[in-house]
Structures are given as structure tokens and as C-alpha cells.
Q: 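Sharing a structure, written as C-alpha cells. Questions coming.
Model, not experiment: these values are computed from the prediction. In this chain, numbering begins with 1 at the start of the sequence shown.
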Amino acid sequence: MKKAIVIGACLMSVLLSISIVWTSCSDSKAQQTSNKNVAMAMLAGTKSDTTVEGMAKFTQQKNGKVKMDFWVSIPAMAGHTVAVHIHEHGDCGGAGKDAGGHWNPTGKKHGRWGSAEFHSGDIGNIELNANGGGKLTLETDLWSIGGDANTNILDKSIIIHSGIDDYTSQPAGNAGTRIGCGVIKNK
């Protein structure tokens, strides 16, 4: 009788272990699937003399569009307006210069978002409040998370510039130096 109880207890232990592993794997796979629809860029300063913190979160919507929720804090730039763009390379090295130029897969002229001509990476200007904080939300079908080369934002960089984008100077709006950067990656 004791052998049957011990074998039964061992069998229950094995089945419980299999159940835990199965549940963990199932949860992990579900999490990986849902994360394909979310990408993020954690923003930091490109130089030691400017504190930049922030995040850009990109979420693939059910309607096929990508929504960007962007927030940034740059205390030294409080009350100013700064330009934000997506750049072509996912590399923040070289004080942000390794990010390359604006992401422009369609070969258009630089301009204001939504105008006749603009780069897919021409996000625009953000006004910073008295504490140096700013937010922006944008939704577009020009971006995708892992889509084709003309829309895929993964492995690109978000660059914050020290000045205002004038929307006319070519090729990049004369927006000033690159003070903040973050690489767009799947969450």
C-alpha cells in the first residue's frame, strides 16, 4: 500500500511539473506574439553635459496603423521647443551621428508631417514645459513594426535635436545638434 501511495505521489509530482512547464511555455509564446505589436525606444542623452530621459512606444493598432506615444524630459531645455525625427540607423554612437540621416525610404524632400512632401521620419517639433517635459502622440499607416522596408521602424533611431525644425531647409530642417537618442526595438 505504501508503494502505491509513493508511486501515486511521484506521478502527481511529475504531472504537476509538466503542467507548470506547459503553462510557462504557453504564457511565454503568447507574450512573444503580443510583443510583435509593440516596439520601444528608451531615450538618453548623446553627450554627458545634457540630461535627456524619455521613451517612444510604438503600438501596432488593429486598423493597421502604428500609434506612437512619446514623452521626454530635458530639464536644461525647459520652455524651449525641440525637433524629433526617426533616423535611418539603429545606432546612437558618435553623439548620435551614427544614426545617419532622416529615415526617408520613399525619397521625398524634408517637410512638415502630413504636408505634400516629408520624410517618413519627419515627426516634428515638441514644446517642452517649464520643467523640460514634453509629450506627443501620432498615429500613421506610414509605419509598421516589422513590415516591409518602406514602413518598418524597427532598428531605426529616434533623435532629439537641440533646435526647432524649420520644415523647409534641406535635407533635415536645420534642427541643431543631436542631444538625445534611442534605438527602436521590439519590446
Q: Say you draw a straight line from OG of Ser120 to CD1 of Ile153; how long is it, rounded to the nearest 0.5 Å?
A: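 Answer for the OG-CD1 pair, Ser120 versus Ile153, is 11.0 Å.
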Q: Less than 4.5 Å apart, any side-chain heavy atom of Ile126 and any of Trp71?
A: no
Q: Quick check on the hydrophobic clustering: are Trp103 and Val183 connected, directly or via other members, by side-chain heavy-atom contacts under 4.5 Å?
A: no
Q: So for atom CD, which belongs to Glu127, do other residues, nucleotides or ligands contribute more than 12 heavy atoms lying within a distance under 6.0 Å?
A: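 No, CD of Glu127 has 12 or fewer neighbouring heavy atoms, counting only those of other groups under 6.0 Å.
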Q: Out of curiosity, does Val72 fall in the hydrophobic cluster containing Leu136 (side-chain heavy atoms, cut-off under 4.5 Å, transitive links)?
A: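 Yes, Leu136 connects to Val72 through the hydrophobic network.
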Q: Taking C-beta and beyond as the side chain, do Met55 and Met40 meet within less than 4.5 Å on heavy atoms?
A: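 Yes, side chains in contact.
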Q: Please examine the side chains of Val82 and Met77, heavy atoms only from C-beta on, and report whether any two atoms are closer than 4.5 Å.
A: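 Side-chain contact under 4.5 Å: yes.
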Q: Closer than 3.5 angstrom, by distance alone: can the side chain of Asn131 be matched with the main-chain N or O of Gly133 as a donor-acceptor pair?
A: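 Between the backbone of Gly133 and the side chain of Asn131 there is no qualifying donor-acceptor contact (under 3.5 Å).
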Q: Please tell me whether Phe70 and Ile164 are part of a single hydrophobic cluster in this structure, the criterion being side-chain heavy atoms less than 4.5 Å apart.
A: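 Result: no, two separate clusters.
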Q: Return all side-chain donor-acceptor pairs below 3.5 angstrom for residues 88-96, not counting sequence neighbours, or 'none' if the list is empty.
A:
{"residue": "Glu88", "atom": "OE2", "partner": "Gly101", "partner atom": "N", "Å": "2.8"}
{"residue": "Asp91", "atom": "OD1", "partner": "Gly93", "partner atom": "N", "Å": "2.9"}

Q: Do Gln170 side-chain atoms and His110 backbone N/O form a donor-acceptor pair below 3.5 Å?
A: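 Yes: the side chain of Gln170 pairs with the backbone of His110.
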Q: Can you confirm whether Trp143 sits close enough to Ile184 that some side-chain heavy atom of one is under 4.5 Å from a side-chain heavy atom of the other?
A: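 Contact flag for Trp143/Ile184 side chains = no.
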Q: State whether the number of non-hydrogen atoms from other residues, nucleotides or ligands found under 6.0 Å of Gln60 atom CD is greater than 12.
A: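 Yes.
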Q: Return the set of residues passing ring-ring contact (aromatic ring centres under 6.0 Å, His included) with Tyr167 (not counting sequence neighbours), or none when no residue passes.
A: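 With neighbours one apart ignored, the set is empty.
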Q: Please tell me whether His87 and His119 form a close aromatic pair, meaning their ring centres lie under 6.0 Å apart.
A: no
Q: Is there a side-chain contact between Lys67 and Thr140 (heavy atoms, below 4.5 Å)?
A: no
Q: Work out which heavy atom in Cys181 is nearest to a heavy atom in Thr46; give both atom names and the distance.
A: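 Of all heavy-atom pairs spanning Cys181 and Thr46, the closest is CB-CG2, 3.8 Å.
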Q: For residues Ile123 and His85, determine if any side-chain heavy atom of one lies less than 4.5 Å from a side-chain heavy atom of the other.
A: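 With C-beta onward as the side chain, the pair stays apart.
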Q: Would you name the heavy atoms of Asp166 and Ser169 that are closest together and state the gap between them?
A: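 Nearest heavy atoms, Asp166 then Ser169: OD2-OG, 2.5 Å.
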Q: Mark yes or no for whether Asp122, through its side chain, and Gly111, through its backbone, hold a donor-acceptor pair below 3.5 Å.
A: yes
Q: At what distance, to the nearest 0.5 angstrom, does OG1 of Thr168 lie from NZ of Lys109?
A: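 So the OG1 of Thr168 and the NZ of Lys109 are separated by 11.0 Å.
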Q: For the backbone of Ala83 and the side chain of Asp165, can you confirm whether one donor and one acceptor N or O come within less than 3.5 Å of each other?
A: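 No, the answer is negative, given that no donor and acceptor are paired below the 3.5 Å cut-off.
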Q: Does the side chain of Asn152 come within less than 4.5 Å of Ile145's, by heavy atoms?
A: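 Of all side-chain heavy-atom pairs linking Asn152 with Ile145, none is under 4.5 Å.
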Q: Would you indicate whether the side-chain heavy atoms of Val84 and Ile158 approach each other to under 4.5 Å?
A: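 Sidechains of Val84 and Ile158: in contact.
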Q: Mind checking the CG-CD1 spacing from Leu43 to Ile74? Nearest 0.5 Å is all I need.
A: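 Leu43 atom CG to Ile74 atom CD1 measures 8.5 Å (nearest 0.5 Å).
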Q: Would you please say whether a donor-acceptor pair under 3.5 Å links the side chains of Asp69 and Thr137?
A: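 On atom types as modelled, these side chains qualify, holding a pair under 3.5 Å.
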Q: Could you grab the distance from atom CG of Asn37 to atom OG1 of Thr59, nearest 0.5 Å is fine?
A: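 That separation rounds to 8.5 Å.
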Q: Can we say Asp155 and Lys185 salt-bridge, meaning some charged N sits less than 4.0 Å from an Asp/Glu carboxylate O?
A: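 Here Asp155 pairs with Lys185 in a salt bridge, since their nearest N and O are under 4.0 Å apart.
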Q: When you measure from the side chain of Asn186 to the backbone of Val38, do you find a donor-acceptor pair of N or O atoms at a distance under 3.5 Å?
A: yes
Q: Please find the pair of heavy atoms, one from Pro105 and one from Asn150, that lie closest to each other, and give the distance.
A: CG-O, 3.3 Å
Q: Is it possible for you to say whether Trp113 and Val66 belong to one hydrophobic cluster, with membership spreading through side-chain heavy-atom contacts below 4.5 Å?
A: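 Trp113 clusters together with Val66.
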Q: Determine whether Ile159 and Leu142 fall in the same hydrophobic cluster, where Ile, Leu, Val, Met, Phe, Trp and Tyr are linked whenever their side-chain heavy atoms lie under 4.5 Å apart.
A: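 No, Ile159 does not connect to Leu142 through the hydrophobic network.
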